[in-house]
Amino acid sequence: MNIREFKAFFWSFVDGVGSQGSQLIITIMLARLLTPADFGVIGLISVVVYLSNVIGNGGLNNSLIRKAKVSADDFTSVFVFNITVGILLYAIIFFSSGFLAHFLKLPEAEVYLKVYALSIIFTSFEQIQRVTLTLDLNFRTQAKITLFSVIFSGVIALILAHSGFGVWALIIQTVVLSSVRCVIFWCVIRWKPTGHFKWPLLLEHLNFGYKLLLGNFVDVAYRYMFNLGIGKFYSVTDLGFYNQATKLTEVPSMTITSVVRRVNYPIISKLRHNNKCYFGNLINIASYIISVYLPVSLWLSFNSHDIILKLLGERWVGASLFLSILSLAFFVVPLSNLFGNILSVEGRTDLYLKIRLSVKLILGIMFVLIHSYGIHVVLYFIIFATVFEWFVNIVISHKYFKFPVLKYIKRMVLIMVPIIISSVLINYSININSIVGDLAVKLILSMIVPAGILFLLSKEKV
């Protein structure tokens, strides 16, 4: 990895950790002012908006990044598509909000959706700016813009929550975040649609991107299937517990996934014709993910009750079981998503779509069959589902691209076993009277073995 690529990784990591970490801190502060039911309501209506944002992107960002020579006409064609679809999606949500509120059995959701969905339009306007920065591996600017937007919108949300606005504090937070971020991107990145809109170019990008779009749509729909299922089959309070637990586990999970996808994608695109470096890079990245994330996941799982009690307060203790189980499930997600880069770089978006459709369909049917057995069974099913998808991705990568599975498994086992053993010993043998002190010491000591592994990895070539 050269200096430019290292800086890209570093600033992408700062972007992810900074924004996700700040968002987590703000969410913790909001949780002390709002109720689990308030977060449950957001968990329900956010399903529609997240799905719309996936459609709005259309998978075209990766198409632009992957193309060898991108012209002004390429950017303009994709830009026009993005904003057209964004406005159209908002209009659909606006006029169907009454039906959606009835479906969710939440009458007040009608007006919530009309305001919350405004974020779709703002997000559609900033996509080209993100692509241009990504092509230059300029994640430093993205990090600064995102971090400022998160903190600014968080402060607004805290003021509103303290003033008794309830759910509206969370809705306004999302809209302010997307709007401020969009405005800053346009002010900082002096890009303008100077090219011409051309159907052939748009169709070229859509031909590559629509399969990624459908695959991502299936992914997001599957992920938020649990939101809908928990909210409808159980209660919005349970959904609030689920959402808070996922937020605590998603900070490391989604940060790592985002860093890997954004930075590793353009890098391995250049290595695709050198299998040794290509697969070696992927195995190294997987090794780093495990070394950093596994001890954190185990720490969250073993100490879930104390973490919830200290961070969120007594009324959120019900979320501790959710956190102890989901922290293990989300550990697998970055490792599984790493294989998605292989399919995308190889241009096999058709295979990407087939895998996503088949796997999510199987898991979706299984969820429908087991949901009546209770929320605990659903949580353990999520662990099974993430491991199952990881296994499928490994098998597919080996079958179609000759990915060295045995080498990969050997490396994973050599790293995971000592980390698991040391984490179990540390988290169950240490008992300090102070909850904060106990948690801090356990986390610090849990990172000693991974630090040694990372040092050894830095000295070795795959």
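Since the structure is predicted, the reported quantities are computational estimates derived from the model, not experimental observations. The first residue in the sequence is number 1, and the count goes up from there. No hydrogens, no waters, no symmetry mates; every other heavy atom, side chains included, goes into these values.
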Is there side-chain contact between [X] and [Y], with at least one heavy-atom pair below 4.5 Å?
| X | Y | result |
| --- | --- | --- |
| W299 | P295 | no |
| T246 | N243 | yes |
| F197 | L202 | yes |
| L177 | F152 | no |
| L300 | L326 | no |
| I128 | T76 | no |
| R130 | F185 | yes |
| D38 | I42 | no |

Closest heavy-atom contact between [X] and [Y]?
| X | Y | answer |
| --- | --- | --- |
| T249 | S327 | CG2-CA, 3.3 Å |
| S63 | H205 | OG-ND1, 2.7 Å |
| M412 | A286 | CE-CB, 3.9 Å |
| L44 | N227 | CD2-O, 3.9 Å |
| S97 | F94 | OG-O, 2.9 Å |
| S77 | L201 | OG-CB, 4.2 Å |

Spell out, as yes or no, whether a donor-acceptor pair under 3.5 Å connects the side chain of [X] to the backbone of [Y].
| X | Y | result |
| --- | --- | --- |
| S358 | I355 | yes |
| R181 | F122 | no |
| T146 | Q142 | yes |
| K114 | A109 | no |
| Y222 | L357 | no |
| S235 | G231 | no |
| D73 | G195 | no |
| S301 | S297 | no |
| S119 | Y116 | yes |

Please state whether the rings of [X] and [Y] are parallel, tilted or perpendicular, taking 30° and 60° as the class boundaries.
| X | Y | value |
| --- | --- | --- |
| Y408 | W390 | perpendicular |
| F79 | W191 | perpendicular |
| F381 | F384 | tilted |
| F226 | F367 | perpendicular |

- Show your working on ring-ring contact (aromatic ring centres under 6.0 Å, His included) between F39 and W316 and close with a plain yes or no. CA-CA 11 Å; F39 283 89; W316 286 94; 5.6 Å; yes
With rounding to the nearest 0.5 angstrom, report the [atom1] to [atom2] distance, [X] to [Y].
| X | Y | atom1 | atom2 | answer |
| --- | --- | --- | --- | --- |
| E126 | I145 | CD | CD1 | 9.0 Å |
| S96 | L113 | OG | CG | 8.0 Å |
| K360 | I362 | NZ | CD1 | 11.0 Å |
| Q173 | L30 | CD | CG | 5.5 Å |
| K399 | I394 | NZ | CD1 | 16.0 Å |
| I120 | I93 | CD1 | CD1 | 3.5 Å |

- Query: Step by step, would you call L328 with L298 a side-chain contact (heavy atoms from CB on, under 4.5 Å)?
  - Reply: CA-CA 7 Å; L328 299 178; L298 293 173; 3.9 Å; yes
- Message: Check whether F75 forms a cation-pi arrangement with K192 (NZ or CZ under 6.0 Å from the six-membered ring centre, at most 45° off the ring normal).
- Response: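 No, cation not above the ring by the 6.0 Å, 45° rule.
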- CA sep, side-chain torsions, deciding dist, call: S124, N82, side-chain hydrogen bond (donor to acceptor under 3.5 Å, both in side chains): CA-CA 5 Å; S124 68; N82 284 342; over 6 Å; no
- Task: Take I184 and S149 through the side-chain contact (heavy atoms from CB on, under 4.5 Å) test and state the conclusion after the steps.
- Result: CA-CA 9 Å; I184 297 176; S149 303; 4.1 Å; yes
- Give a yes or no on whether the ring-centroid distance for F233 and H371 is below 6.0 angstrom.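 Between F233 and H371, the centre distance is under 6.0 Å.
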- Query: More than 12 foreign heavy atoms under 6.0 Å from CE of M225: is that the case here?
  - Reply: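 Atom CE in M225 is packed in, count exceeds 12.
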- Message: Looking at K198, I want to see if its NZ is surrounded by more than 12 non-hydrogen atoms of other residues, nucleotides or ligands under 6.0 Å.
- Response: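 No, NZ of K198 has 12 or fewer neighbouring heavy atoms, counting only those of other groups under 6.0 Å.
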- Task: Kindly determine whether S304 and L321 satisfy side-chain contact (heavy atoms from CB on, under 4.5 Å), including the steps that lead there.
- Result: CA-CA 7 Å; S304 59; L321 176 66; over 6 Å; no
- Item | F330 and I383: CA distance, side-chain angles, deciding distance, side-chain contact (heavy atoms from CB on, under 4.5 Å) verdict | CA-CA 8 Å; F330 277 89; I383 293 181; over 6 Å; no
- Considering only NZ, NE, NH1 and NH2 on the basic side and carboxylate oxygens on the acidic side, decide whether R356 and E389 come within less than 4.0 Å.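 Looking at R356 and E389, the cut-off is met.
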